[in-house]
Amino acid sequence: MPVAVIVALIALLGALVCYSMGVWGAFRAKTVRGKDVKLLYVGFAFDTLATLGMAVQAKGLDLTPLSDLLHTVFAFVAMFAMLAVAITASRALASGDSKTMALVPNWALSGWVLWIAMFVWGLLARGSARMGG
């Protein structure tokens with residue numbers, strides 16, 4: 001298995017764990033907390049590393065056929081949705097806006113569901129190709 005794939009898979013699993021802990025931690029608490037925001041940012045860093053590793057292995061972004069283009073587009077939407085949640089949560093925490101802090105977990109859950117859908121889609125549709133199989 002190529003090194004880029006190994007790094008990307010480890011980073012992708014790191015993103016999965018961090019995003020899940022951050023989103024579900026905030027959802028269970030019914031508000032966003034500092035540790036949730038940190039987990040979201042660390043998840044985004046892992047997600048970025050995974051995306052770079054996959055792009056290196058694919059020798060660029062997969063834009064053909066249409067299913068690869070759709071996966072690429074929706075994966076970027078999901079990734080940046082998670083970043084938007086982290087930024088919104090950071091701002092709410094910094095300003096002490098308890099109303100937004102209480103709304104963020106629901107927004108985060110929506111972004112997380114999209115991210116999980118892209119994670120599963122990628123594993124099922126493209127995982128074996130990334131591993132050279």
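- Each side chain to side chain donor-acceptor pair (under 3.5 Å) pair with one or both residues in residues 2-20, not counting sequence neighbours, appears once here: Y19-D47, S20-W112.
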TODO: Could you walk me through whether W121 and L70 pass the side chain to side chain contact (heavy atoms under 4.5 Å, CB included) test, one step at a time?
DONE: CA-CA 11 Å; W121 181 359; L70 291 174; 3.7 Å; yes
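- L103 and V32 fall within a single hydrophobic cluster, where Ile, Leu, Val, Met, Phe, Trp and Tyr are joined by side-chain heavy atoms under 4.5 Å apart, directly or via other members.
- Residue L9 is tested with L13, V5, V7 for a side-chain contact (heavy atoms from CB on, under 4.5 Å); the sole match is V5.
- For the pair P2 and Q57, the tightest heavy-atom approach, listed with the atom from each and the gap, is CB-OE1, 3.3 Å.
- Shown here for P105 and A26, the closest heavy-atom pair between the two residues is CG-O, 3.5 Å.
- Scanning for side-chain contact (heavy atoms from CB on, under 4.5 Å) contacts around V120 gives I116, L124, with sequence neighbours left out.
- When all heavy atoms are compared, the tightest approach of G53 to A4 is O-CB, 3.8 Å.
- Partners of R33 under the side chain to side chain donor-acceptor pair (under 3.5 Å) rule, at least two apart in sequence or in another chain, are D36.
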Pair up each side-chain donor or acceptor in residues 77-90 with any protein partner under 3.5 Å, not counting sequence neighbours, and list the distances.
residue	atom	partner	partner atom	Å
T88	OG1	A84	O	2.8
S90	OG	Y41	OH	3.0
S90	OG	A86	O	2.9

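- The cluster map of Ile, Leu, Val, Met, Phe, Trp and Tyr, joined by side-chain heavy atoms under 4.5 Å apart, puts V42 and L52 in different clusters.
- By the side chain to side chain donor-acceptor pair (under 3.5 Å) test, N106 is found to be paired with no residue, residues two or more places apart in sequence or in another chain being considered.
- You'll find the side chain of W115 stays beyond 4.5 Å of the side chain of V23, heavy atoms only.
- Qualifying ring pair (Phe, Tyr, Trp, His ring centres under 6.0 Å) partners for F27, counting only residues two or more places apart in sequence or in other chains: W24.
- Shortest non-hydrogen contact noted between A11 and A50 is CB-N, 3.7 Å.
- The hydrophobic clustering, which links ILVMFWY residues whose side-chain heavy atoms are closer than 4.5 Å, places W107 and M21 apart.
- Grouping the Ile, Leu, Val, Met, Phe, Trp and Tyr side chains by contacts below 4.5 angstrom, directly or via other members, places V113 with F44.
- Both V73 and F119 are members of a single hydrophobic cluster when ILVMFWY side chains are connected at heavy-atom separations under 4.5 Å.
- Scanning both residues, M118 and H71, for their nearest heavy atoms gives O-CE1, 3.1 Å.
- Taking CG of L109 as the reference point, atom CG of L114 lies at 11.5 Å (rounded to 0.5 Å).
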